[in-house]
**Student:** 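Take a look at the following structure, please.
Sequence lines set the chain letters: A, B, ... in the order given, protein chains first and strands last, and positions in each chain run from 1. Remember, predicted model here, so these are calculated numbers, not experimental data.
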Amino acid sequence: MSNYKTSKLIMPRNWNGALIVGDCPYSESAIASPFMHSHLGQLIQLQAKAGWDLASRPAYANILSFFPKNAKFASVPEPVLKNEVEELNRIIDEVKPKLLFGLGRQTARFIKHDFSGDLEEERGAPFATPYGTGLLSFHPREIFRQFEFNIVAVNDFTKAWRYLRDGWTEQKWNINYQPTFKQVLEALHKFLESRAPLGVDIETNYHLGITCIGIAYNHSSAIVIPFTTPTGFYWQPYEERAIWKVLCQVLEKCPLIGQNAVHFDHYVLARGYKINANFVADTMFAQWEVYCEMQKSLAFINSLYLDNPYWKSVLKAARSGKVPYQQEWEYCGKDCIVTLQGAHELRRELNELPSGSYQHYKFNIRVSRVCQYMAIRGVEFNFAERDKRLKVLEEEAHAMQLDLDVKAGKHIFVTSPQKMKRWLYEDLKLPIHYNKKTNDEGDVEYRETQDYLTLLLLARDFPNLPALGVAGRLRKLRKRISSLRLIVPRPGTNTIGWLFNAVGTETGRFAGYKPPDGWGVQPQNVYSGDKDLFLAGAGNLWCKSDLEGADAWTMAAMLSSLGDHRMMDDLLHGVKPAQALTVASLYGEHLITADWQTIKSYFPAFKAAMKLQEKERGKKRTDYDAYKAVSHGTNYCMGPKTTCDNIFKKSDGELYVALDVCRDKQFLYEKRYPGLQILKERMASLLSTHGYLDAYSGNRRIFFGRRDNNTVREMISQLPQAHTTYATNLLFERLFHWRGNRIDAGSRQLVIQPVNQVHDEACKVFAQQHLERSRDIFRTCSTNRITCWGVDFTIPFESTYGESWGNCDEVFV
DNA sequence: TTCTGTACGTA
DNA sequence: CGTACGTACAGAAA
């Protein structure tokens with residue numbers, strides 16, 4: 001083989017057999033070789049980090065031998081591109097690389113013949129080439145832009161080295177996806193006998209009917225039971241009945257491993273098939289526990305820990321008829337097998353972490369049973385009252401629309417951002433307002449906006465244009481109306497459902513969803529004013545338990561450990577930080593450093609003053625409301641501009657705190673809690689020394705972002721959120737699993753039934769006759785003790801009950 | 001029909 | 001330069 005160097009290929013003397021292919025040269029002027037300057041440096045660093053033996057070297061090539069115009073691949077004329085690709089292919093045929101390693105999304109298109117078009121999906125999954133193994137990863141350019149890709153790229157380079165050294169062949173899949181009746185029954189009975197863990201996955205059609213169900217029983221074998229074909233049914237009716245009978249037992253009795261943090265499979269089986277599937281492990285939960293900032297998809301898990309080629313494009317192809325429809329069943333079998341394999345590897349990953357991680361994973365799996373319970377149970381919804389309310393609101397909206405059109409002198413379509421923009425900035429020529437937007441790459445952009453805040457600000461600056469305020473209020477009202485109108489009950493009932501994902505967020509908070517059948521709502525963004533429509537049901541009570549000062553406790557503990565004990569002192573003696581700030585603002589700024597006793601001595605006067613303000617200005621418009629926003633914002637490094645915007649917006653344009661006033665109040669707040677400044681520095685130093693934070697729950701969040709202020713802010717909110725979540729989840733976990741919360745011994749029926757969770761608010765329902773018993777149970781289950789940075793504390797609940805979510809006025813405990 | 005951006009609801 | 005989310009709608013792309 002010839003040693004030669006061109007802008008297209010660099011072939012080293014001591015070649016290791018790998019050809020690393022990029023998309024185009026570094027820049028217009030740096031085209032002498034495929035990778036130059038920082039790109040080459042990055043590649044060498046990645047090889048070193050991934051343990052490549054650098055005594056021999058990879059060859060480097062590019063799709064393009066030149067830098068495309070404006071750095072846009074699309075600008076390259078088709079024939080030119082074709083020539084370049086052909087030349088690359090000639091090079092590949094000549095050098096015959098054992099490893100073809102393509103970097104970047106453009107590159108992937110040309111070196112993998114069946115590339116799906118999504119690099120993040122296919123990255124890290126090996127494929128066969130005529131001369132060896134192929135692999136895709138990020139281009140150094142992409143890694144620079146998106147810092148967290150770096151760790152993933154190291155993983156890909158580690159894999160690449162292994163494939164180069166040991167080669168790669170696709171594992172043999174043993175998937176029986178067109179089984180006979182006899183085979184299915186035999187397999188199911190065998191599972192029932194052995195009770196070995198099974199990897200389970202279902203595929204469903206648009207109506208949530210199960211098209212097939214796959215069961216993997218070892219790391220290469222699965223049986224898939226098809227139910228429907230595009231034209232009918234796979235089984236005779238009597239066969240299907242017999243299969244479901246045994247299948248139901250398998251799903252309820254065998255330990256199942258799933259890939260389904262949203263509990264979609266469980267929900268479908270329970271609601272549509274009356275099967276309470278026994279999922280005891282979930283690869284999504286495990287992957288979240290290991291790297292909560294990363295994706296949790298099966299393809300991603302495969303790319304990190306396994307060696308299967310990309311298989312995820314088959315489902316779409318099978319459904320659209322591009323490949324035989326039976327391949328959907330085979331695909332389902334692969335999913336099950338990869339789930340089983342992934343669970344195995346993730347167990348090893350968890351072992352590498354402190355023991356708390358595995359404990360928290362197990363805890364979350366127990367919590368996930370509560371998510372399933374709440375999803376299936378649902379709650380009663382007051383449809384009669386909803387309909388009445390809708391009527392009133394719709395009339396109100398109609399009147400507002402007429403008023404708006406008159407005031408504006410033309411019809412204003414408030415739900416169209418485009419039309420609103422034209423009205424404000426073209427017709428009325430008002431000053432353009434911008435909104436901060438963080439794009440996928442993490443860069444901050446500013447875009448034109450016409451949101452509620454903008455309309456309020458414009459209305460304030462242009463009092464001669466009363467239409468502005470009306471437009472803002474109307475748009476909000478329309479949003480509320482459409483949310484209400486779209487609520488649909490489960491057929492024949494007044495019940496609605498919701499879904500939860502216990503690992504839906506990076507901080508450990510739940511994510512909530514509208515159920516896949518559409519019969520319900522997203523539980524966590526229900527408009528406060530409509531919460532009274534969610535009912536306990538006849539003979540029942542709705543009980544709402546809020547964590548009191550939820551996030552503040554962890555904040556106080558962190559400050560305490562840094563030597564500033566004042567916030568903890570305040571909280572322990574019933575002084576909320578925002579109250580201290582308000583008292584000092586109202587009765588003399590010297591009070592800002594006063595002890596809690598002094599602050600408290602002003603409480604009667606302070607509370608009376610706020611009551612008066614509420615009477616005069618309306619709800620959410622008192623000074624205390626403003627100072628709450630200042631305190632909250634300052635805790636999380638919010639700037640004075642956003643703080644005063646928030647106050648203005650929350651008070652519907654009534655409360656305007658000038659920017660410098662807002663800034664002064666922040667200084668005042670920081671004077672009382674000087675630890676806040678130290679905390680920022682401490683977090684920045686933790687980011688560079690450790691790069692992770694451990695919560696008391698056992699969960700560790702590794703921060704993959706850049707070492708900048710942005711990440712420091714994420715870190716500051718991490719532990720408060722993680723601990724709040726832990727306290728709420730702990731309550732639910734106990735209520736669900738503790739035998740003391742059962743109607744009677746041996747019963748599965750709960751006395752206190754969890755129904756909803758909104759971060760620091762736990763909603764439960766119990767029968768009226770069990771009020772006293774529920775109080776006892778709650779007292780037992782609601783205790784917690786958290787240690788943060790060596791400081792112990794407890795987050796107390798404040799509980800009330802009533803007939804509905806929005807109507808909890810009686811004190812519970 | 002599917003995707004993207006904007007706006008807005010929650011803690 | 002608060003954090004963390006999901007959904008509805010409009011309008012464009014396919």
Side-chain angles (χ1 to χ4, degrees), chain A residues 206 262 292-293 316 320 413-421 434-440 442-455 471-487 498-501 503-515 518 520-531 546-547 549-552 555 629-643 645-646 649-650 666 676 680 701 705 708-722 724-725 728 756-762 805:
Chain A
Y206 182 73
V262 190
C292 64
E293 292 200 348
K316 226 176 178 176
S320 65
F413 190 39
V414 289
T415 43
S416 163
Q418 204 177 76
K419 293 194 172 92
M420 283 289 283
K421 207 151 102 180
Y434 295 90
N435 206 353
K436 198 187 83 171
K437 179 91 188 170
T438 314
N439 63 21
D440 293 341
D443 301 326
V444 173
E445 288 173 33
Y446 289 86
R447 294 192 187 162
E448 281 184 30
T449 181
Q450 53 281 315
D451 59 14
Y452 188 54
L453 173 65
T454 301
L455 290 167
R473 284 195 300 278
L474 177 57
R475 190 165 49 193
K476 267 167 89 100
L477 180 60
R478 288 217 186 279
K479 173 89 179 165
R480 180 180 173 195
I481 289 172
S482 80
S483 310
L484 268 182
R485 196 179 36 222
L486 283 165
I487 303 175
W498 33 40
L499 249 59
F500 301 89
N501 177 359
V503 291
T505 73
E506 290 170 354
T507 56
R509 281 183 169 184
F510 280 16
Y513 310 85
K514 202 173 159 158
V521 299
Q522 207 283 50
Q524 297 178 326
N525 67 356
V526 174
Y527 177 68
S528 292
D530 290 325
K531 287 185 176 174
D546 285 13
L547 285 172
D551 285 9
M555 198 54 87
V630 172
S631 122
H632 196 75
T634 313
N635 282 349
Y636 296 116
C637 317
M638 190 188 276
K641 174 81 174 80
T642 314
T643 307
D645 281 352
N646 281 349
K649 193 162 90 168
K650 276 210 166 161
Q666 288 197 321
L676 286 168
K680 271 183 230 174
R701 174 168 170 190
D708 60 11
N709 270 341
N710 220 17
T711 308
V712 168
R713 273 203 309 274
E714 283 172 16
M715 291 179 81
I716 287 174
S717 49
Q718 164 64 16
L719 293 180
Q721 288 198 13
T724 303
T725 305
T728 320
N756 189 10
Q757 189 255 44
V758 193
H759 312 311
D760 65 359
E761 173 186 336
W805 187 6

**Student:** Check the pair A/N501, A/V503 against side chain to side chain contact (heavy atoms under 4.5 Å, CB included), reporting the backbone distance first and the verdict last.
**Tutor:** CA-CA 5 Å; A/N501 177 359; A/V503 291; 3.4 Å; yes
**Student:** Suppose we screen for side chain to side chain contact (heavy atoms under 4.5 Å, CB included). Which residues come up paired with A/E293, at least two apart in sequence or across chains?
**Tutor:**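 Testing A/E293 for side chain to side chain contact (heavy atoms under 4.5 Å, CB included), a comparison that skips the adjacent residues, returns A/E506, A/R701, A/F703, A/F704, A/E714.
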**Student:** When the distance from CD of A/E714 to P of C/dG2 is rounded to whole Å, what number comes out?
**Tutor:**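 In whole Å, C/dG2 P and A/E714 CD are 13 Å from each other.
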**Student:** Identify whether any heavy atom of A/F510 sits under 4.0 Å from a base atom; if not, whether one sits that close to sugar-phosphate; answer base, sugar-phosphate or nothing.
**Tutor:** nothing
**Student:** Over how many whole Å does the gap from A/E293 atom CD to C/dT3 atom P extend?
**Tutor:** 13 Å
**Student:** In dot-bracket form, how is DNA chain C paired, counting a Watson-Crick or G-U wobble pair only if both its distances are under 3.5 Å and using | for bases paired to another strand?
**Tutor:** ..|||||||||||.
**Student:** Applying salt bridge (charged side-chain N to carboxylate O under 4.0 Å, His left out), can you list everything that pairs with A/E761, at least two apart in sequence or on another chain?
**Tutor:** none
**Student:** Looking at residues at least two apart in the chain, or sitting in another chain, which of them share a side chain to side chain donor-acceptor pair (under 3.5 Å) with A/T454?
**Tutor:** A/D451
**Student:** Within this structure, what is the NZ-to-C1' distance between A/K514 and C/dA8, rounded to whole angstrom?
**Tutor:**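 Nearest whole value for this atom pair: 9 Å.
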**Student:** May I ask you to test the A/N756-A/F500 pair for a side-chain heavy-atom distance under 4.5 Å?
**Tutor:** yes
**Student:** How would you label the contact of A/G633 with the nucleic acid (heavy atoms, under 4.0 Å): base, sugar-phosphate, or nothing?
**Tutor:** nothing
**Student:** Expressed in angstrom and rounded to an integer, what is the separation of A/N710 atom CG from C/dA4 atom C1'?
**Tutor:**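 Whole-Å distance recorded here is 14 Å.
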**Student:** Round to a whole Å and report the spacing from OH of A/Y206 to C1' of B/dT2.
**Tutor:** 13 Å
**Student:** Take nucleotides 6-11 of chain B nucleotide by nucleotide from the 5' end and write B, S or -, depending on whether a protein heavy atom sits under 4.0 Å from the base, only from the sugar-phosphate, or from neither.
**Tutor:** BBBBBB
**Student:** Regarding A/N709, tell me which of base, sugar-phosphate or nothing describes its non-hydrogen contacts under 4.0 Å with the strands shown.
**Tutor:**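 Base, at least one base heavy atom under 4.0 Å.
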**Student:** Any side-chain N or O of A/Q418 less than 4.0 Å from the OP1 or OP2 oxygen of C/dA12?
**Tutor:** yes
**Student:** With sequence neighbours excluded, what pairs up with A/D546 under the salt bridge (charged side-chain N to carboxylate O under 4.0 Å, His left out) test?
**Tutor:**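 Result, salt bridge (charged side-chain N to carboxylate O under 4.0 Å, His left out) vs A/D546: A/K544.
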**Student:** Rounding to an integer number of Å, can you tell me how far A/I481 CD1 sits from C/dC9 C1'?
**Tutor:**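 The distance from CD1 of A/I481 to C1' of C/dC9 comes to 14 Å, rounded to the nearest Å.
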**Student:** Report the nucleotide, chosen from C/dG2, C/dT7, B/dC3, that has the shortest atom-to-atom distance to any side-chain atom of A/K316.
**Tutor:**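 It is B/dC3.
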**Student:** Checking A/Y434 now: which residues fulfil ring pair (Phe, Tyr, Trp, His ring centres under 6.0 Å) with it, not counting sequence neighbours?
**Tutor:** none
**Student:** What contact category does A/E506 fall into here, base, sugar-phosphate, or nothing, at under 4.0 angstrom with non-hydrogen atoms?
**Tutor:** sugar-phosphate
**Student:** How is A/L486 classified with respect to the nucleic acid when contacts are heavy atoms under 4.0 Å: base, sugar-phosphate, or nothing?
**Tutor:**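 Contact class for A/L486: sugar-phosphate only.
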**Student:** Could I get the full list of salt bridge (charged side-chain N to carboxylate O under 4.0 Å, His left out) partners for A/K316, not counting sequence neighbours?
**Tutor:**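 Counting only residues at least two positions away or on another chain, A/K316 forms no salt bridge (charged side-chain N to carboxylate O under 4.0 Å, His left out).
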**Student:** Could you tell me the separation between the CZ atom of A/R485 and the P atom of C/dT7, rounded to a whole number of Å?
**Tutor:** 18 Å
**Student:** If you look at every strand shown and take non-hydrogen atoms under 4.0 Å, does A/K419 touch a base, only sugar-phosphate, or nothing?
**Tutor:** sugar-phosphate
**Student:** According to salt bridge (charged side-chain N to carboxylate O under 4.0 Å, His left out), who are the partners of A/R480, at least two apart in sequence or on a separate chain?
**Tutor:** A/D530
**Student:** From CG of A/N501 over to P of C/dA4, roughly how many Å is that when rounded to an integer?
**Tutor:**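 It works out to 16 Å between those atoms.
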**Student:** With heavy-atom distances below 4.5 Å as the criterion, would you say the side chains of A/Q522 and A/W498 are in contact?
**Tutor:** no
